[in-house]
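Only one structure is covered here, and it is reproduced in the block below.
Just so we're on the same page: letters track the sequence lines, and every chain starts at 1.
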Amino acid sequence: MSVRVRFAPSPTGFLHIGGARTALFNWLYARHTGGQFILRIEDTDTARNTQAAVDVILNGLRWLGLDWDEGPLTSDATGPSHGGRGPYFQSQRKDIYQRRVEALLSRGLAYEHDGAVKFKMTREPVLMDDLIVGHVRRELTDREAVDPDFVIVRSDGQPVFHFVNVVDDLEMGITHVIRGEDHLSNTAKHIALFRAFDVSPPKYAHIPLILNADGSKMSKRDQGASLATYVDEGYLPEAVVNYLVLLGWSPKDNREILSIPELIERFDLPQVLRHNARFDMAKLQWMNGEYMRTLPDDRFYELCVHTFARAGVDTNRFPLPYVKAALDTCKGKLKTLSELPGYAGFYFNEVTQFDAAAAQKDFTPENKPRLQRLREVYAALPEFNAAPLEACLKSVAAELGVKAGVLVHPVRLACTGKTAGPSLYHLLEVLGREKSLARLDAALARM
RNA sequence: GACCCUAUCGUCUAGUGGUUAGGACACCACCCUUUCACGGUGGCGGCCGGGGUUCGAAUCCCCGUAGGGUCGCCA
């Protein structure tokens with residue numbers, strides 16, 4: 001029997017990073033086994049479920065590169081979809097739920113109570129055999145001992161989560177339910193429901209949760225809880241995917257940077273850990289830097305141009321070769337794209353602000369004649385290229401009897417406004433003689 | 001309160017009875033580079049506690065403790 005897994009988010013307006021990982025694990029399992037990955041939208045909460053909220057989910061999955069074999073094609077609940085087990089929006093499946101409720105009612109497995117419909121839950125402990133957690137014997141809690149039955153249809157006619165979730169998994173032929181461990185206790189209810197329908201439940205695999213850095217539960221409000229944060233802050237989807245998969249899963253051989261094809265080949269449920277993991281932003285940053293460094297040039301340019309555009313810098317005003325040359329000096333030096341405008345903005349904007357502490361130290365009266373001398377030499381340089389620029393600076397330093405750093409630091413500050421940035425000689429070459437000398441002059445005027 | 005899950009460096013993890021407890025991120029030092037980043041070398045740092053079982057426990061069992069989850073006419 002072919003594997004069928006699903007990701008069934010509720011469109012609340014954002015995609016939780018934990019949800020993204022759940023989707024990833026499901027997707028990887030489907031791809032690993034040659035099965036189907038199904039996307040189902042649990043939009044029963046009509047009050048807050050909007051089409052825009054569905055787009056957040058669809059776009060988030062697309063950004064991560066998690067394509068679904070069955071599910072909606074657009075965020076329109078009544079719109080087109082892929083697959084023969086639709087509709088894939090719960091809001092469009094009311095008659096299916098209705099039929100299932102009636103079936104339970106007619107067989108005496110559910111009953112009406114205060115206008116709602118309650119399911120007759122088993123009084124016995126439920127045994128589960130989880131692919132990750134193992135054997136679990138779920139006893140009734142004290143509250144459940146008083147009344148184990150639970151509502152499956154509210155008095156307003158709306159079926160509840162536990163019910164629709166099970167009915168859909170059943171109708172859609174889901175074979176493996178891979179979801180967060182927060183659902184482990186509820187699984188007893190779900191298993192009982194499957195049995196009431198005379199079908200054997202799917203296999204369950206409960207994955208550990210992602211916690212905040214301090215070990216507390218990661219909720220919507222917490223920094224970094226939304227996938228959008230990583231999109232906005234210039235992370236690469238491949239880095240996010242790689243980082244996420246390592247939270248609760250291990251390839252067991254000390255390797256950490258793994259490509260998607262490698263992940264698909266190696267991912268499996270038995271290697272999923274049982275304990276929760278804390279989110280470590282520093283490690284994600286490191287990993288993002290690793291991916292940034294190996295990005296193909298064209299994609300790097302494209303991402304950089306977008307990043308500048310979002311920061312209000314239109315790089316299209318500059319000749320393409322200039323833009324590319326400028327970006328080439330940044331390649332491999334950034335951990336995230338969001339650092340780019342601050343790192344290389346000087347290529348596209350005038351430098352009006354200088355690092356205060358550095359200016360105090362470098363823009364001094366005694367440095368003025370030194371910089372003036374270097375300016376003269378640079379002005380007369382036949383070729384304004386990195387190699388001669390470096391050689392010249394060094395010979396001027398020697399002539400002046402100072403270390404190269406004495407000239408390097410003020411020049412960098414004058415041309416970029418910062419103390420850190422691309423290789424000095426290469427950035428001067430890209431900037432060109434005219435701009436470089438103008439910036440030197442502006443700095444000299446301040447000394 | 002009840003029920004369920006979990007527990008190795010600060011963090012992510014390897015480890016399934018015998019290892020000097022390994023790797024990665026972070027941190028520190030040095031090298032490379034007169035910026036930053038990368039890279040290289042070295043360092044710091046861990047089996048939650050207590051009982052068992054065993055010739056021998058990070059590994060198995062029990063009890064604590066701690067963290068997380070669930071007990072809704074939320075999903």
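Whole-Å rounding puts the A/D214 CG to B/G68 C1' distance at 13 Å. Separating the CG atom of A/N242 from the C1' atom of B/C25 is a distance of 13 Å, rounded to the nearest angstrom. Per the geometry, CG belonging to A/N186 stands 10 Å off P belonging to B/G72, to the nearest Å. Atoms CD1 (A/I257) and C1' (B/G23) sit 13 Å apart, rounded to a whole Å. For the pair A/D253 CG and B/G15 P, the interatomic distance rounds to 10 Å; values are reported in whole Å.
Between B/U41 and B/A26, the distance separating the two P atoms is 16 Å to the nearest Å. Atom name P, nucleotides B/U11 and B/C61: the rounded distance is 25 Å, in whole Å. Rounded to the nearest Å, the gap between the C1' atom of B/C60 and that of B/A66 is 22 Å. Distance noted for atom P between B/C5 and B/C63: 12 Å (whole Å). Comparing the C1' positions of B/A7 and B/G15 gives a spacing of 15 Å, expressed to the nearest Å. Distance noted for atom P between B/G22 and B/U6: 27 Å (whole Å). For the P atoms, the distance linking B/G42 with B/A24 amounts to 11 Å, nearest Å. Here, B/C55 and B/C47 have their P atoms 27 Å apart, quoted to the whole Å.
Between A/E238 and A/R299 a salt bridge is recorded (basic side-chain N to carboxylate O distance below 4.0 Å).
Candidate nucleotides B/C25, B/G68, B/U34 were compared by shortest atom distance to the side chain of A/A404, and B/U34 ranks first. The side chain of A/W286 sits closest to B/A24 out of B/A24, B/A75, B/A37. Taking only side-chain atoms of A/E139, from C-beta outward, the nucleotide of B/G68, B/C25, B/C4 with the closest atom is B/C4. The side chain of A/E181 approaches B/C5 more closely than any other nucleotide in the set B/C5, B/U34, B/U35. For A/R138, whose side chain is taken as the heavy atoms from C-beta onward, the closest listed nucleotide among B/U13, B/A75, B/C4 is B/C4. Listed nucleotides B/A75, B/G1, B/C5 differ in distance to A/H162; the shortest reach to its side chain belongs to B/A75. Among B/C3, B/C38, B/A14, the nucleotide with an atom closest to any side-chain atom of A/K335 is B/C38.
Nucleic acid contact class of A/L424 (heavy atoms, under 4.0 Å, all strands): none. Residue contacts shown for A/S423 include a base, since a base heavy atom lies under 4.0 Å away. Counting any heavy atom pair closer than 4.0 Å across all strands shown, A/R274 reaches sugar-phosphate atoms only and no base atom. Residue contacts shown for A/G115 are absent, as no nucleic acid heavy atom lies under 4.0 Å away. Residue-level contact check: A/R255 touches neither bases nor backbone, having no heavy atom under 4.0 Å from any strand. Using a 4.0 Å heavy-atom distance criterion, A/G421 is classed as a base contact. At the heavy-atom level, A/A277 lies under 4.0 Å from the strands shown only through sugar-phosphate atoms. A/Y343 comes within contact range of at least one nucleobase, with a heavy-atom separation under 4.0 Å. The residue A/L273 sits close only to the backbone: its heavy atoms come under 4.0 Å of sugar-phosphate atoms, none of a base. Contacts of A/A282 with the nucleic acid, taken as non-hydrogen atoms under 4.0 Å apart, involve only primed sugar atoms and P, OP1 or OP2.
One cannot find a donor-acceptor pair under 3.5 Å joining the base of B/C71 and the side-chain atoms of A/S185. For A/K283 and B/U13, a side-chain-to-base donor-acceptor distance below 3.5 Å is absent, hydrogens and geometry of angles not being considered.
Remark: the backbone N or O of A/F363 is not paired with any side-chain donor or acceptor of A/N367 at under 3.5 angstrom. With A/R40 contributing its side chain and A/Q90 its backbone, the two residues share no donor-acceptor pair below 3.5 Å.
Note on A/K333: every side-chain N or O is 4.0 Å or more away from OP1 and OP2 of B/U35.
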Please output the side-chain donor-acceptor pairs of residues 415-428 of chain A that fall under 3.5 Å, not counting sequence neighbours, one pair per line with the distance.
residue, atom, partner, partner atom, Å
A/T416, OG1, A/R412, O, 2.8
A/T416, OG1, A/K418, N, 3.0
A/T416, OG1, A/K418, O, 3.3
A/K418, NZ, A/G342, O, 3.4
A/S423, OG, A/H426, ND1, 2.8

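Within 6.0 Å of atom CD in A/E139, more than 12 heavy atoms from other residues, nucleotides or ligands are found, so the atom counts as buried in its surroundings.
In this structure, A/Y243 and A/N254 both approach RNA chain B, and ranking their closest nucleotides by distance from the 5' end singles out A/Y243. Residues A/A397 and A/H113 both approach RNA chain B. Their nearest nucleotides, taken by heavy-atom distance, put A/A397 toward the 5′ side.
The aromatic rings of A/F279 and A/Y243 lie perpendicular to each other, with more than 60° between the two planes, well past the 30° mark.
Under the side-chain hydrogen bond (donor to acceptor under 3.5 Å, both in side chains) criterion, A/E265 pairs with no residue at all, not counting sequence neighbours.
Taking CZ from A/R100 and CG from A/D168, the interatomic distance works out to 10.0 Å, rounded to the nearest 0.5 Å.
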